[in-house]
Structure formats: C-alpha cells, structure tokens
**Student:** 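Before anything else, here's the structure in question.
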Number of protein chains: 2
Amino acid sequence: MVGIRAQQKEKTRRQLIDAALGQLSAERSFSSLSLREVAKEAGLAPTSFYRHFSDMDELGLTLVDEAGLTLRQLMRQARQRIADGGSVIHTSVITFMEFIESNGNIFRLLLRERSGTSTEFRAAVNREIRYFTMELCDYLQQANQLDAEVAYLQANAAVTIVFSAGSDALDVDKREREQLTERTINQLRMIARGAFDLNNRLKSKRRS
Amino acid sequence: MVGIRAQQKEKTRRQLIDAALGQLSAERSFSSLSLREVAKEAGLAPTSFYRHFSDMDELGLTLVDEAGLTLRQLMRQARQRIADGGSVIHTSVITFMEFIESNGNIFRLLLRERSGTSTEFRAAVNREIRYFTMELCDYLQQANQLDAEVAYLQANAAVTIVFSAGSDALDVDKREREQLTERTINQLRMIARGAFDLNNRLKSKRRS
DNA sequence: AAATTCAGCGTACAAGTGTACACTGTTTTT
DNA sequence: AAAAACAGTGTACACTTGTACGCTGAATTT
C-alpha cells in the first residue's frame, strides 16, 4: 500500500527540493533564498512549506545530501571510465571538470556551505567530502601498495586540489578551463610522485 | 592641512569598518549583516552610512582589502621567522595556523567571499590569494632553482593545501589542530618532493 | 458509514530591511 | 563676515521576512 496521499506528499516535497535547486546560481546562494520564494517557486502557499520541512535549514541539509549523491555518481562514472582504459589521474580530472560544467550549482552549494554559518551544514558537507576522500584513499592504498597514512595524505591533498580547481573553473571560460585542467593534472602527478617517494622512505626506515 | 572635518570622517569610517569586522563570526557572515546593524554598532544613524559607502558591497570590498593587508603581514612574519632559522615549510605552516587562531574571522571572510555570490568579491579575494601565491612562487623559483611553471604549480598547490587546512582548523579543537598541522606539513613536503622530481625530469628532457 | 487525519490555503501580524527626503550645526571656502 | 559644503539626524514609506492560527476537503482509519 503506497497511499495516494503519501505519494502526493512525496511529489510536492520533490517540488520544493527542485524549486530550491533551481534557484541556486552563481549569484544566488542557498542562504539568500527565503522560505517564501521557494514555496512560491514550487507553487505552494508559504505556510505549506512547514508540512515538509520545519525549517529552511532542514531543506538545505536535504540538498546537501542530494549533492552528495551526485558526487557519488561522479565517482562511479570515473571508475567506469578508468576501467575502460586511460590514465587514472587524467581521466579523473576530466570527469570531475565535466561534472562541474553540468552541475555547477550543486557544486557551488557544497563549496558555499562548507564555509557557511551553520555548524550542521559544514559538518554535512565535510562528511560528503570525507566519503569522497576515503574512497580515493582505499583505491590508492590498494593499487599503489601505499602505507595507510601516506595514502590518506595523498588522497586528501588530491581532493583538496581538485575541489579548488573546480571552484576556479566555475569562474573562467572554456579556454582557461582547459589550461586549469592541465595544470591540475600536473599537480596531481606531482603529489603522486611525492607520495611514492615518501612511501619508499618510510619502507626503508622500517626495514632498518 | 589635514582638516578637522576630514579627520573626523576618516574616524567614523573606521568605526564602520571595525563594527562590521566585529560582527563577523563563525555563525555570522558578511552577507548576513545588514546596513542598519553595522550603522547601529558603529553608533551611527542608518542613513549616515551612505556618507561613507554607497553600499554594503563597497564596505565589504574594503574589508577584503583589509584582510589582504593582514595576509601580507602574515607573510612578512613568516619570512622573518624563516630568516631566524628553522625549516621553511614547518615555520610557514605554524605561522599560518597561528594567524588563523588569532584572525579567525578575517580568514572566514576570505573563505566565504571566495565562493560568494558577488563576482566582484570573488575577484577581490582571488587577487589577494594570487598575490600570496606569487610571492611563494618567486621564492621557490629562486631558492630551489625551479622551472617557472613547476614553481607555480608547487606554489599554487601549497597555498591551496594550506588554506584548506586553515579552513578545517577553524572547526576543530586544539588537539586535532595539532594533528592537522602535522599532516599539512607532510603534505607540503610531499608536494615539494614531487616538484623537485618534476623539475629534474624537465631538465633532462631539455638536455636531450 | 462515521470519525479522524492531514496537506494545503488564506489571513494576519510583528519585525526588520534599504533608502528617499528635509533638517541641523559645524567646518570650510569665498 | 557671508556663503557653501557636508557629516550626521530623524521621520517616513514601501517591501519582504518567518510563522501563528483557523479553516477546508479529500484520504485514511475505525
């Protein structure tokens, strides 16, 4: 039994979420959205908002979850492409940049709320990023036989660099974005090389 | 002739700036500040605000400039300490972390406006960070005899990593901050090692 | 079939927003 | 000494904001 009522409720809930996502842009942050605006965009009376979320904050956290989901799709896509052949670093960065091009506003949401005024929001975003980092960490550790700590350092640095490049990419034209992509790839190679080196030094230290 | 009038005006302008800076905190961003609040905090009638800034945006950009100034003081301090002896990377990171501990709100301003909704703000913050990066780039190029491009890649990556760590540091207690500091130092060493390596490969390529 | 639940609506209100306008008193210029 | 400039004030207005409250009609439970 789905319940025609619960079904309809879920539908308008989605409308609210989509309305909020749809209002996000380079010049409009989630925190600048008002409950009334979102309700209006969703075709609802202001007060009906409360039937679904007790707060704009609650809606916002839902959006962050949504964004995390999108991020995980991104990872899956990257893994797929890597399995199909091609350099890991190159493929990952290209995939990430494509993601940003077609999901700019979702990415902006994450970037903004990561440094926002709500502890809860910051925690939620960091959780998503940590998940992202850990996946990469496991991969590096396994594929390159790295020490756990070194793998983490590399994964964390790589994610930081890629996110930062993504942030820059939001504000530049296609030509600059290509340059940025190439630079980012080189930076990740630098980091990989450094990690490899650090790992070797640790290994020989342990042997002695 | 300074003019008693211009002098007084400059003084209240400062009051506005300080009022704004004083209201910034972990849970209060510049964009959530209202003209009236700032004026009130400065002990002014709301409409008097306009005698000094045409806009909250104009005040905001002034704050970003102010923050950039603080950032440059930071660099000077770091250079001083490095000259007094001690590892470059270690000293720099420690100095940066101290800066964040005592200038958290200014740093938050930069972080937030970097991903904010105003193109002008983002540009202003990026300008300050670029300045920061370029200083480091010049240093690396000269001290380590690096290729210009490699030096830039390293400087950019290092600044990104350090800023990101700074951002994380804002939300954790002292113990975790120390861990974070150590990790950041190791990441910078990794990057330095990778840059050195990339530089060598470039050199031998050119020779052939 | 009757009773209950509940998504969505409309009204209403207090609080806060930016800023236009006319004013005052002191400093500066003429 | 007279005139002009101008930093700061107070009033006023049109808007937007979140949300409390009571209502309605359809879906659900009894």
Side-chain angles (χ1 to χ4, degrees), chain A residues 1-25 27-63 112-113 116-121, chain B residues 1-25 27-63 112-113 116-121:
Chain A
M1 243 302 259
V2 268
I4 186 167
R5 197 170 202 159
Q7 208 174 324
Q8 176 57 31
K9 183 170 185 183
E10 182 53 34
K11 196 174 154 194
T12 50
R13 187 187 138 99
R14 256 269 53 98
Q15 276 170 5
L16 280 170
I17 294 176
D18 291 341
L21 278 177
Q23 312 224 35
L24 294 180
S25 73
E27 37 282 309
R28 208 83 165 72
S29 70
F30 178 77
S31 55
S32 79
L33 257 49
S34 76
L35 182 152
R36 287 176 107 105
E37 281 177 301
V38 175
K40 192 177 194 174
E41 178 77 13
L44 279 185
T47 48
S48 300
F49 181 95
Y50 295 109
R51 299 288 178 202
H52 303 273
F53 303 98
S54 70
D55 228 39
M56 275 295 280
D57 273 17
E58 204 172 304
L59 170 56
L61 289 171
T62 307
L63 291 193
R112 283 172 180 155
E113 298 312 327
T117 51
S118 153
T119 314
E120 215 174 342
F121 272 60
Chain B
M1 242 301 260
V2 265
I4 186 167
R5 196 169 203 159
Q7 207 173 327
Q8 175 58 30
K9 182 168 184 183
E10 180 55 33
K11 196 173 152 195
T12 49
R13 186 187 139 98
R14 257 261 63 91
Q15 277 170 4
L16 280 170
I17 293 175
D18 291 340
L21 278 178
Q23 312 223 36
L24 294 180
S25 73
E27 37 282 310
R28 209 80 164 73
S29 70
F30 177 76
S31 54
S32 79
L33 257 50
S34 76
L35 183 152
R36 287 176 108 105
E37 279 178 302
V38 175
K40 191 176 195 177
E41 178 78 12
L44 279 184
T47 48
S48 300
F49 181 94
Y50 296 109
R51 299 288 178 202
H52 303 274
F53 303 97
S54 68
D55 229 38
M56 277 294 280
D57 273 16
E58 203 172 304
L59 170 56
L61 289 171
T62 308
L63 291 193
R112 283 171 180 158
E113 298 312 326
T117 51
S118 153
T119 314
E120 215 174 342
F121 272 61

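Below, chain A is the first sequence line, B the second, and so on; all start at residue 1.
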**Student:** Reckon B:Thr47 has a side-chain N or O less than 4.0 Å from the OP1 or OP2 of C:dG18?
**Tutor:**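 Checking B:Thr47 against C:dG18: no side-chain N or O falls below 4.0 Å of OP1 or OP2.
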
**Student:** For B:Gln15 and D:dA7, what is the distance between atoms CD and P respectively, to the nearest whole Å?
**Tutor:**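 Rounded to the whole Å, the gap is 15 Å.
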
**Student:** In whole Å, I'd like the distance from the CD1 atom of B:Ile4 to the P atom of D:dG8.
**Tutor:**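 These atoms are roughly 13 Å apart.
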
**Student:** Determine whether a donor-acceptor pair (N or O, by modelled atom type, separation under 3.5 Å) exists between the side chain of A:Arg14 and the backbone of A:Asp18.
**Tutor:**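 Side chain of A:Arg14 to backbone of A:Asp18, a donor-acceptor pair under 3.5 Å: no, none is there.
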
**Student:** Report the nucleotide, chosen from C:dC9, D:dG8, C:dT19, that has the shortest atom-to-atom distance to any side-chain atom of B:Tyr50.
**Tutor:**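 Nearest to the side-chain atoms of B:Tyr50, counting from C-beta on, is C:dT19.
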
**Student:** A:Leu33 has an atom CG; how far is it from atom C1' of D:dG18, in whole Å?
**Tutor:**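 Result: 15 Å.
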
**Student:** To the side chain of B:Leu35, which of C:dT19, D:dA7, C:dC9 is closest?
**Tutor:**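 Nearest to the side-chain atoms of B:Leu35, counting from C-beta on, is C:dT19.
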
**Student:** Are any side-chain N or O atoms of A:Glu37 and backbone N or O atoms of A:Ser34, one a donor and one an acceptor, separated by less than 3.5 Å?
**Tutor:**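 Confirmed, A:Glu37 side chain pairs with A:Ser34 backbone.
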
**Student:** Rounded to whole angstrom units, what separation is found between the CZ atom of A:Phe53 and the C1' atom of C:dG8?
**Tutor:**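 Taking atom C1' of C:dG8 as the reference, CZ of A:Phe53 is at 15 Å.
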
**Student:** B:Lys9 or B:Arg36: which one's nearest nucleotide on DNA chain D is closer to the 5' end?
**Tutor:**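 Per heavy-atom nearest nucleotide, the more 5' residue is B:Lys9.
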
**Student:** Closer to the 5' end of DNA chain D via nearest nucleotide, is it A:Pro46 or B:His52?
**Tutor:**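 By nearest-heavy-atom nucleotide position, the 5'-most residue is B:His52.
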
**Student:** Calculate the interatomic distance between A:Arg13 atom CZ and C:dC6 atom P; express it in whole Å.
**Tutor:**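 Checked: the CZ to P distance equals 17 Å.
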
**Student:** Closer to the 5' end of DNA chain C via nearest nucleotide, is it B:Asp55 or A:Gly43?
**Tutor:**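 This one resolves to A:Gly43.
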
**Student:** For A:Gln7 and D:dA26, what is the distance between atoms CD and C1' respectively, to the nearest whole Å?
**Tutor:**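 Rounding to the nearest Å, CD of A:Gln7 and C1' of D:dA26 are 15 Å apart.
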
**Student:** Run the side chain to side chain contact (heavy atoms under 4.5 Å, CB included) test on B:Phe53 and B:Leu61 for me, step by step, so that the C-alpha distance in whole Å, both residues' side-chain angles and the decisive distance to 0.1 Å come before the verdict.
**Tutor:** CA-CA 10 Å; B:Phe53 303 97; B:Leu61 289 171; over 6 Å; no

**Student:** Please report the distance, rounded to the nearest Å, between CD in B:Gln8 and P in C:dG25.
**Tutor:**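 So the CD-P distance, B:Gln8 to C:dG25, works out to 18 Å.
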
**Student:** Below 3.5 Å, does any donor atom in the side chain of B:Arg5 face an acceptor in the base of C:dT29, or the other way round?
**Tutor:**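 Looking at the base of C:dT29, it does not pair with any donor or acceptor on the side chain of B:Arg5 (distance under 3.5 Å).
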
**Student:** B:Arg28 side chain to A:Thr117 main-chain N or O, any donor-acceptor pair under 3.5 Å?
**Tutor:**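 No, because the side chain of B:Arg28 does not come within donor-acceptor range (under 3.5 Å) of the backbone of A:Thr117.
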
**Student:** Within the pair A:Ser34 and D:dT16, is there a side-chain N or O less than 4.0 Å away from OP1 or OP2?
**Tutor:**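 No, no such contact exists.
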
**Student:** Check the distance between D:dA26's C1' and A:Arg51's CZ and give it to me in whole angstrom.
**Tutor:**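 So the CZ-C1' distance, A:Arg51 to D:dA26, works out to 14 Å.
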
**Student:** Are more than 12 heavy atoms, taken from residues, nucleotides or ligands other than A:Glu120, located less than 6.0 Å from that residue's CD atom?
**Tutor:**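 12 or below, so no.
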
